[in-house]
Protein chains: 2
Amino acid sequence: MRKEQSTNFANEQFLFQVCELNSAIAMISGRWKSQIVYSISQGNNRFHLLQQELPNISETVLARQLKELETHAILIKQEIPNSVPLGIQYVLTNKGLDLVPILESLCDWGKMYAEGKEISSYSIS
Amino acid sequence: MRKEQSTNFANEQFLFQVCELNSAIAMISGRWKSQIVYSISQGNNRFHLLQQELPNISETVLARQLKELETHAILIKQEIPNSVPLGIQYVLTNKGLDLVPILESLCDWGKMYAEGKEISSYSIS
DNA sequence: ACAATAACTAACAAAATTGTTAGTCTTTAA
DNA sequence: TTAAAGACTAACAATTTTGTTAGTTATTGT
């Protein structure tokens with residue numbers, strides 16, 4: 001439960017209004033969120049497929065992360081037509097699809113500067 | 001204090017090893033971090049300048065965020081040569097500099113899909 | 001000598017996130 | 001008819017993050 005009278009909440013709101021960067025970061029910074037978005041973009045678009053990809057996530061936590069991504073309109077939940085039993089799939093919205101290449105650059109950035117791979121040099125200005 | 005025997009810690013480690021994306025996200029997802037990186041890239045490279053930019057941050061919290069960014073080699077702390085009194089500036093490393101355009105795309109993405117800025121003003125249950 | 005500024009730190013408290021336990025509902029296969 | 005799979009939810013506990021309080025050190029302006 002968010003406490004809307006807290007300093008924490010006020011500071012979050014302040015940053016949201018300073019720059020959309022901060023709301024963007026807030027939307028993708030949950031423990032499993034960006035990995036879920038990336039996995040869905042790779043075709044793992046069902047609850048049980050995501051569970052297979054992320055064997056350490058509990059059902060409760062996965063459901064919660066998916067709901068938050070849905071709240072931020074990064075994905076939508078869809079019934080799979082003509083499926084018996086009725087299946088549910090998670091589909092990235094345009095917003096979610098546009099996020100994927102950014103996650104890929106973050107991934108590349110992470111790889112480039114991963115422990116031990118860092119070529120060197122601090123910039124001195 | 002991190003509890004290295006916790007599920008939370010184990011899950012974080014798991015994600016780090018799934019993809020560098022997750023360590024990248026972890027490095028930039030503190031409350032003020034990406035805004036600090038962006039502010040420094042705009043020239044606000046001193047403690048008191050950052051405080052002016054972010055009037056709601058406390059000294060303790062700012063110092064902590066800066067130290068974490070330093071730990072992740074996104075910036076370094078430097079004494080300003082020939083300054084009296086000795087001043088300290090924060091300088092982005094190559095890693096930090098390479099992060100800036102990614103933060104800019106995140107910002108653009110946030111702006112493009114901004115709809116009702118109440119993103120976290122309701123609780124997700 | 002004394003207050004002010006810059007740049008911090010440790011210890012603690014408040015709040016938020018993440019994980020666990022124990023359920024639900026619907027459909028299908030044995 | 002019973003069990004299993006898929007897709008969840010509420011309530012609670014553990015852990016982590018964020019914010020607060022009360023200091024420190026060094027230097028400078030008055």
Side-chain angles (χ1 to χ4, degrees), chain A residues 1-15 22 25-33 35-36 44-52 54-71 77-80 82-90, chain B residues 1-15 22 25-33 35-36 44-52 54-71 75 77-80 83-90 120-125:
Chain A
M1 267 297 169
R2 283 252 157 76
K3 300 215 168 172
E4 305 203 355
Q5 77 288 4
S6 68
T7 303
N8 187 302
F9 181 80
N11 284 346
E12 189 178 50
Q13 295 298 309
F14 167 78
L15 283 170
N22 297 295
I25 294 278
M27 283 185 249
I28 63 172
S29 59
R31 164 69 82 245
W32 306 86
K33 287 213 187 94
Q35 190 59 48
I36 288 171
N44 296 90
N45 62 342
R46 307 234 5 211
F47 199 91
H48 65 278
L49 294 176
L50 288 165
Q51 278 185 291
Q52 280 164 33
L54 306 169
N56 302 297
I57 199 172
S58 74
E59 292 174 54
T60 312
V61 171
L62 177 54
R64 196 157 56 203
Q65 300 287 308
L66 285 167
K67 178 166 261 188
E68 286 174 21
L69 288 166
E70 203 187 354
T71 297
K77 200 170 13 173
Q78 258 183 7
E79 296 182 351
I80 301 173
N82 308 319
S83 58
V84 176
L86 185 64
I88 286 173
Q89 64 183 351
Y90 298 93
Chain B
M1 269 297 169
R2 280 253 157 77
K3 299 212 167 173
E4 305 204 354
Q5 77 288 5
S6 68
T7 303
N8 187 303
F9 181 80
N11 284 347
E12 189 178 49
Q13 295 299 308
F14 168 78
L15 283 169
N22 298 295
I25 294 278
M27 283 185 249
I28 62 173
S29 59
R31 163 71 82 247
W32 305 87
K33 286 211 189 96
Q35 189 60 50
I36 288 170
N44 296 90
N45 63 342
R46 307 237 3 214
F47 199 92
H48 65 278
L49 294 176
L50 289 165
Q51 279 184 291
Q52 280 164 32
L54 306 170
N56 302 296
I57 201 172
S58 73
E59 291 173 56
T60 312
V61 171
L62 177 54
R64 195 157 54 204
Q65 300 287 308
L66 285 167
K67 178 165 261 188
E68 286 174 23
L69 289 166
E70 202 187 355
T71 297
L75 53 79
K77 199 169 18 169
Q78 260 183 6
E79 295 181 352
I80 301 173
S83 57
V84 176
L86 187 64
I88 285 174
Q89 64 183 353
Y90 298 93
S120 83
S121 63
Y122 46 88
S123 53
I124 298 152
S125 59

### Query
Taking atom P of C:dC25 as reference, at what distance in whole Å does atom CD1 of A:I88 sit?
16 Å
### Heavy-atom pair with the smallest gap, counting every atom of B:N22 and B:L15
ND2-O, 3.0 Å
#### Entry: Heavy-atom closest contact (B:L66 atom, B:L75 atom, distance)
O-CD1, 3.8 Å
### Message
Looking at C:dG19, I'd like to know if its phosphate oxygens (OP1 or OP2) sit under 4.0 Å from a side-chain N or O belonging to A:W32.
### Response
yes
### Message
Please confirm whether the shortest side-chain N or O distance from A:R31 to OP1 or OP2 of D:dT16 is below 4.0 Å.
### Response
no
### Task
For B:R31 and B:Q65, work out which heavy atoms get closest and say how close.
N-OE1, 4.1 Å
### Message
Expressed as a whole number of angstroms, how long is the span from B:Q78:CD to C:dA7:C1'?
### Response
16 Å
### Query
Between C:dA7 atom C1' and B:Q52 atom CD, what is the distance in whole Å?
14 Å
## Note on the structure
Of the candidates C:dA7, D:dG6, D:dT18, the side chain of B:Q65 sits closest to D:dT18
#### Entry: Gap between atoms CD and C1', on B:Q13 and C:dG19 respectively (whole Å)
17 Å
### Query
Do the side-chain N or O atoms of B:H48 get closer than 4.0 angstrom to the phosphate oxygens (OP1, OP2) of C:dA7?
yes
### Query
Under 4.0 Å between a side-chain N or O of B:S6 and OP1 or OP2 of D:dT16?
yes
### Nucleotide of C:dA16, D:dA7, D:dT18 approaching A:K3 most closely (side-chain heavy atoms)
C:dA16
### Task
Mind calculating the distance between CD1 (B:I25) and P (C:dT17) to the nearest angstrom?
16 Å
### Query
Can you find a side chain N or O atom of A:R64 that sits less than 4.0 Å from OP1 or OP2 on C:dG19?
no
### N/O donor-acceptor pair, side chain A:T60 with base C:dT21, under 3.5 angstrom
yes
### Summary
Side-chain atoms of B:V61 come closest, of D:dT17, D:dG19, D:dA10, to D:dG19
### Query
For B:Q5, does the CD atom have more than 12 heavy-atom neighbours from other residues, nucleotides or ligands under 6.0 Å away?
yes
### Query
What's the shortest heavy-atom distance between A:F47 and A:L62, and which atoms?
O-CD2, 3.7 Å
### Message
Between B:N11 and C:dG19, is there a contact of a side-chain N or O with OP1 or OP2 at under 4.0 Å?
### Response
yes
### Query
At under 4.0 Å between heavy atoms, what does B:T7 touch on the DNA or RNA strands: base, sugar-phosphate, or nothing?
sugar-phosphate
### Task
Look at the side chain of A:N8 and decide which nucleotide, out of C:dA16, D:dA7, C:dG19, has an atom nearest to it.
C:dA16
### Message
What is the distance, to the nearest angstrom, from the CG atom on A:L86 to the P atom on C:dC25?
### Response
17 Å
### Task
Scan B:R46 against the nucleic acid and name what it touches under 4.0 Å (heavy atoms): base, sugar-phosphate only, or nothing.
sugar-phosphate
### Message
Using a heavy-atom cut-off of 4.0 Å across all strands, would you classify A:K77 as base, sugar-phosphate, or nothing?
### Response
sugar-phosphate
### Task
Send over the distance from A:M27 CE to C:dT17 C1', rounded to a whole Å.
18 Å
### Message
Rounded to whole Å, how long is the line connecting atom CD of A:E59 with atom P of C:dC25?
### Response
16 Å
### Query
With nearest nucleotides of DNA chain C determined for A:G30 and A:Q5 from heavy-atom distances, which residue corresponds to the more 5′ nucleotide?
A:Q5
### Task
Describe the nucleic acid contact of B:K67 in one word from base, sugar-phosphate, nothing, applying a heavy-atom distance below 4.0 Å.
sugar-phosphate
### Message
If you compare all heavy atoms of A:L86 against all heavy atoms of A:I80, which two are closest, and at what distance to 0.1 Å?
### Response
CD1-O, 3.9 Å
